[in-house]
Amino acid sequence: MPKPLSLAFDPIARADELWQRRWGAVPSMAAITSVMRAQQILLSEVDAVLKPYGLTFARYEALVLLTFSKAGELPMSKIGERLMVHPTSVTNTVDRLVRSGLVDKRPNPNDGRGTLASITEQGRVTCDKATRDLMAMEFGLGAYSAEECGEIFAMLRPLRVAAGDFRDE
């Protein structure tokens with residue numbers, strides 16, 4: 001967990017005031033700075049919960065994705081597509097999960113050049129325990145109500161659509 005800063009003022013609000021004096025009002029600067037700080041806080045809190053399981057959030061996401069698949073396995077390319085990460089990142093993530101005994105890899109029988117990643121029983125147990133712990137701490141968002149979490153999701157959706165993550169139909 002991050003050490004509380006305990007400042008006597010909001011440094012992002014202060015930066016916004018100074019920014020306005022120098023360059024004029026740019027609400028997006030304060031917004032992105034807040035989002036980036038929130039990301040630091042959340043990642044630190046979630047990683048602290050996942051660390052005892054030998055997981056990072058990226059590895060946890062890969063395990064969850066494999067549990068969501070019908071057969072408990074997916075091609076590496078599909079994992080990268082669904083997690084929206086570069087193939088090199090998928091390889092690194094899955095290889096670490098393999099070394100931990102949480103995932104196995106094998107050649108994809110439907111694609112001679114591809115590889116399948118499959119979750120092991122130990123991976124399922126670890127995923128379930130980590131999920132229980134993350135849910136207990138509300139994924140770090142306990143300061144918000146369920147309705148507010150829905151609002152955050154809705155507010156960030158247009159950004160993800162604009163980035164081309166998916167088509168908003």
Side-chain angles (χ1 to χ4, degrees), residues 1-5 32 34-157 159-168:
M1 304 277 185
K3 181 183 172 196
L5 297 176
I32 191 170
S34 293
V35 167
M36 299 301 262
R37 178 62 182 140
Q39 190 266 350
Q40 290 172 339
I41 293 165
L42 293 171
L43 193 55
S44 177
E45 290 181 6
V46 166
D47 279 349
V49 169
L50 294 174
K51 188 174 183 175
Y53 299 104
L55 298 173
T56 61
F57 193 65
R59 287 181 225 152
Y60 171 75
E61 284 184 304
L63 283 179
V64 169
L65 181 61
L66 289 170
T67 67
F68 287 165
S69 67
K70 290 178 187 169
E73 63 184 16
L74 287 170
M76 298 282 282
S77 59
K78 189 63 72 178
I79 294 171
E81 179 184 301
R82 299 269 171 83
L83 296 180
M84 300 170 280
V85 296
H86 190 273
T88 303
S89 296
V90 173
T91 299
N92 182 39
T93 297
V94 171
D95 285 350
R96 287 178 180 264
L97 290 168
V98 168
R99 284 195 295 272
S100 298
L102 305 177
V103 168
D104 288 325
K105 280 177 30 177
R106 65 182 175 89
N108 186 343
N110 300 321
D111 177 1
R113 297 174 302 158
T115 302
L116 287 175
S118 57
I119 191 164
T120 65
E121 186 55 35
Q122 180 184 352
R124 287 183 188 282
V125 169
T126 299
C127 185
D128 286 346
K129 288 179 179 179
T131 299
R132 179 198 65 223
D133 291 351
L134 288 170
M135 289 173 60
M137 56 87 77
E138 299 183 61
F139 288 86
L141 292 170
Y144 298 99
S145 69
E147 182 179 313
E148 288 169 324
C149 286
E151 290 171 12
I152 292 168
F153 175 79
M155 287 180 65
L156 295 174
R157 185 180 175 94
L159 179 68
R160 297 183 307 115
V161 170
D165 284 356
F166 61 96
R167 287 185 305 279
D168 196 15

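FYI, side chains are in, hydrogens and waters are out, and symmetry mates aren't considered; it's all heavy atoms of this structure. All residue numbers in this chain count up from 1 along the given sequence.
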How many angstroms lie between atom CG of D104 and atom CZ of R106, to the nearest 0.5 angstrom?
9.5 Å
Atom CD in Q39, atom CZ in R37: separation rounded to 0.5 Å?
10.5 Å
Spacing of S77 atom OG and N108 atom CG [to the nearest 0.5 Å]:
8.0 Å
Looking at F166, I want to see if its CZ is surrounded by more than 12 non-hydrogen atoms of other residues, nucleotides or ligands under 6.0 Å.
yes
Nearest 0.5 Å, please: how far is CD in E151 from OH in Y144?
11.0 Å
Tell me if a side-chain donor or acceptor on S44 pairs with a main-chain N or O of I41 at a distance below 3.5 Å.
no
Does D168 come within less than 4.0 Å of R160, counting only side-chain N to carboxylate O?
no
Would you compute the distance between atom CE of M84 and atom CD of E61 and round it to the nearest 0.5 angstrom?
7.5 Å
Side chain proximity check, V161 to R167, heavy atoms < 4.5 angstrom:
no
Test your reading of the model: is there a side-chain donor-acceptor pair from T67 to the backbone of V64, 3.5 Å cut-off?
yes
Under a 3.5 Å distance rule, please check whether T115 uses its side chain to pair with a backbone N or O of M76 as donor and acceptor.
no
Quick check on E147: does its CD atom have over 12 non-hydrogen neighbours (other residues, nucleotides or ligands) under 6.0 Å away?
no
Keeping S89 on the side-chain end and V85 on the backbone end, is there a donor-acceptor pair under 3.5 Å?
no
Within a strict 4.5 Å, meaning less than it, do heavy atoms of the L134 and V46 side chains meet?
yes
Answer yes or no: is there a side-chain heavy-atom contact under 4.5 Å between L74 and L116?
no
Got more than 12 heavy atoms from elsewhere within 6.0 Å of CZ, R113?
no
Is there a side-chain contact between L141 and L42 (heavy atoms, below 4.5 Å)?
yes
Please check: side-chain N/O of E148 versus main-chain N/O of S145, any donor-acceptor pairing under 3.5 Å?
yes
Nearest heavy-atom neighbours spanning G101 and T120
O-OG1, 2.7 Å
Is the backbone N or O of F57 less than 3.5 Å from a side-chain atom of D47, with the two atoms forming a donor-acceptor pair by type?
yes
Kindly indicate, with the supporting measurements, whether the criterion side chain to side chain contact (heavy atoms under 4.5 Å, CB included) is fulfilled by F139 and V49.
CA-CA 9 Å; F139 288 86; V49 169; over 6 Å; no
Between T131 and Y60, is there a side-chain donor-acceptor contact under 3.5 Å, judged purely by atom types and distance?
yes
Over all heavy atoms of both residues, which pair between L66 and A117 is shortest? Give the atoms and the distance, please.
CD2-O, 3.4 Å
E73 to S118 - nearest heavy-atom pair and separation
CB-CB, 3.5 Å
From the list V90, L97, T91, D95, side-chain contact (heavy atoms from CB on, under 4.5 Å) with T93 holds only for L97
Between L63 and L102, is any pair of side-chain heavy atoms under 4.5 Å apart?
yes
Inspect the surroundings of CD1 in I32 and state if more than 12 heavy atoms from other residues, nucleotides or ligands are less than 6.0 Å away.
no
Are the side chain of R59 and the backbone of G54 linked by a donor-acceptor contact shorter than 3.5 Å?
yes
Could you tell me the separation between the OG atom of S100 and the CG atom of L55, rounded to the nearest 0.5 Å?
7.5 Å
